[in-house]
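I have placed the structure first, in the form of structure tokens, so that the comments after it can refer back to it.
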Amino acid sequence: MELRHLRYLCAVADYGTFSEAGRQLHVSQSAISEQIADLEREVGGTLIDRSSSRTRLTPQGQLFLAEARKTLIAADHAREVMQRSLLGEVGSLSIGFFLWGAGGFFARIIRDYRKLHPKIKLSLHEMRSPEQLEALVSGKIDVAFARPLEAPYDRILRAELLYRDPVVVVLPRDHPLAGSPVSIDALAGERFVLCDRNMTPALFDGIVALCSSAGFSPNIVNTSAAWSSVLTLVESGEGIALVPSRVRYLKPPGVVISPLVPQDLYMGLSVVWNPQNEGPIQQNFLRLVRENKDRIQRTNGN
């Protein structure tokens, strides 16, 4: 059953004659008559009483017409939804982020996106960077704010660097170096507390390389899978830590954060997506992020 047949039937019912329906639809009277006859054969009954001068629907035709109108309304709505979906105006978008790393810009972009695309259902998922990458590969999320890509994800996913977060030194509040910039050389005799390498391999290796360039190997006494735990270990006197500066938002009262000089070590934050799952909705969101990129870099993630 074709939608065209239903539209012809509705036009005849609305305009009263085949000829007037043809004029309104810009088709010949005979074409409408033939199409409705085909429809009658398909449904197995007469829909139009052709015995009078004014075309009327049979009782069965009236019942069929009511359902036909519902079908046409549903079809028009489906077409509208499809067209809006192709433009990225309806649907859903799942975004992964990690709270302390996303920066102040994240909330602003989410608010702006909601205003621009109110019909998109947004789902925000807080997860660590490795978990975000796995979720992108599996299709559980559509976009992530994560660390720059490393193997094997750099062969599967796409990323754009938004800003570089400088690495700083976290010291117990009563540490002799607390309160002033700290050189890497001054840390040669310190005990180090680091985030697990499987969580932040680039930073872990960067710290080891930085210490090596200063002529020593870091004395790593403890590691943790969470930055909050790293800071707690420093507060407890276990050692010092090198962390991305935005970890300061997790800072407990018993530690001090000092600049690292010279500033040669950074942790990047990127917007990441899976090109195999990329569609208009993701493209619209990525476009908004790119429009904010200069501001994000200028304000160091704010």
Side-chain angles (χ1 to χ4, degrees), residues 96-103 125-135 144-153 163-270 272 300-301:
F97 71 101
F98 54 104
L99 186 60
W100 61 267
H125 305 274
E126 184 181 358
M127 54 181 69
R128 295 177 297 182
S129 189
E131 295 170 343
Q132 292 184 59
L133 303 184
E134 285 291 340
F145 290 92
R147 292 305 180 194
L149 297 177
E150 299 183 52
Y153 298 105
Y163 75 94
R164 298 195 305 159
D165 193 13
V167 171
V168 295
V169 186
V170 182
L171 305 152
R173 184 168 293 279
D174 58 356
H175 194 285
L177 297 176
S180 60
V182 178
S183 70
I184 190 66
D185 308 73
L187 301 177
E190 297 291 337
R191 293 154 52 93
F192 280 71
V193 178
L194 301 183
C195 197
D196 287 345
R197 188 182 182 280
N198 63 341
M199 295 302 300
T200 58
L203 178 60
F204 190 99
D205 293 346
I207 291 172
V208 172
L210 188 65
C211 294
S212 178
S213 68
F216 71 96
S217 295
N219 177 22
I220 303 172
V221 298
N222 213 327
T223 62
S224 176
W227 288 115
S228 57
S229 298
V230 170
L231 299 183
T232 298
L233 289 170
V234 173
E235 186 180 30
S236 302
E238 282 295 292
I240 62 94
L242 297 180
V243 305
S245 70
R246 298 202 69 85
V247 175
R248 66 181 180 272
Y249 294 114
L250 306 175
K251 183 174 76 69
V255 304
V256 172
I257 293 181
S258 298
L260 179 65
V261 291
Q263 187 58 68
D264 295 326
L265 191 58
Y266 297 85
M267 281 291 286
L269 183 77
S270 299
V272 190
N300 195 30

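Among L187, V182, L177, the one residue that satisfies the side-chain contact (heavy atoms from CB on, under 4.5 Å) test with I240 is L187.
Evaluation of the side-chain contact (heavy atoms from CB on, under 4.5 Å) rule for P218 yields F192, V208, C211, I220 as partners, not counting sequence neighbours. E134 is linked by a side-chain contact (heavy atoms from CB on, under 4.5 Å) to Y153, counting only residues two or more places apart in sequence or in another chain.
V170 places none of its side-chain heavy atoms less than 4.5 Å from the side chain of V193. By the 4.5 Å heavy-atom criterion applied to side chains, H175 and S258 are not counted as neighbours. Annotation: side chain of D165 is not in contact with side chain of L269 (no heavy-atom distance under 4.5 Å). Using a 4.5 Å heavy-atom threshold, the side chains of R246 and F98 count as separate. Taking 4.5 Å as the limit, some side-chain heavy atom of L242 sits within range of a side-chain heavy atom of V169. Side-chain atoms of I184 and L265, non-hydrogen and from C-beta on, never get closer than 4.5 Å to each other.
Atom-to-atom distance recorded for D185:CG and F216:CZ is 7.5 Å, nearest 0.5 angstrom. A distance of 12.0 Å separates CG of L133 from CZ of R128, quoted to the nearest 0.5 Å. Atom OG in S129 sits 8.0 Å away from atom CE in M199 (nearest 0.5 Å). Rounded to the nearest 0.5 Å, atoms OG (S270) and OH (Y163) are 10.5 Å apart. Going from atom CG of L210 over to atom CG of D205 covers 12.5 Å, rounded to the nearest 0.5 Å.
The heavy-atom pair separating W227 from C195 by the smallest distance is CH2-CB, 3.6 Å. When all heavy atoms of L260 and S183 are compared, the pair lying nearest together is CD1-C, 4.3 Å. Here the shortest heavy-atom pairing between R173 and V256 reads CA-CG2, 3.8 Å.
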Extract all donor-acceptor atom pairs below 3.5 Å that involve side chains of residues 228-238 and protein atoms in other chains or at least two apart in sequence.
from	atom 1	to	atom 2	distance (Å)
T232	OG1	S228	O	3.0
E235	OE2	G254	N	2.9
S236	OG	T232	O	2.8

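Proximity of a side-chain donor or acceptor of Q132 to a complementary backbone N or O of M127 within less than 3.5 Å is detected.
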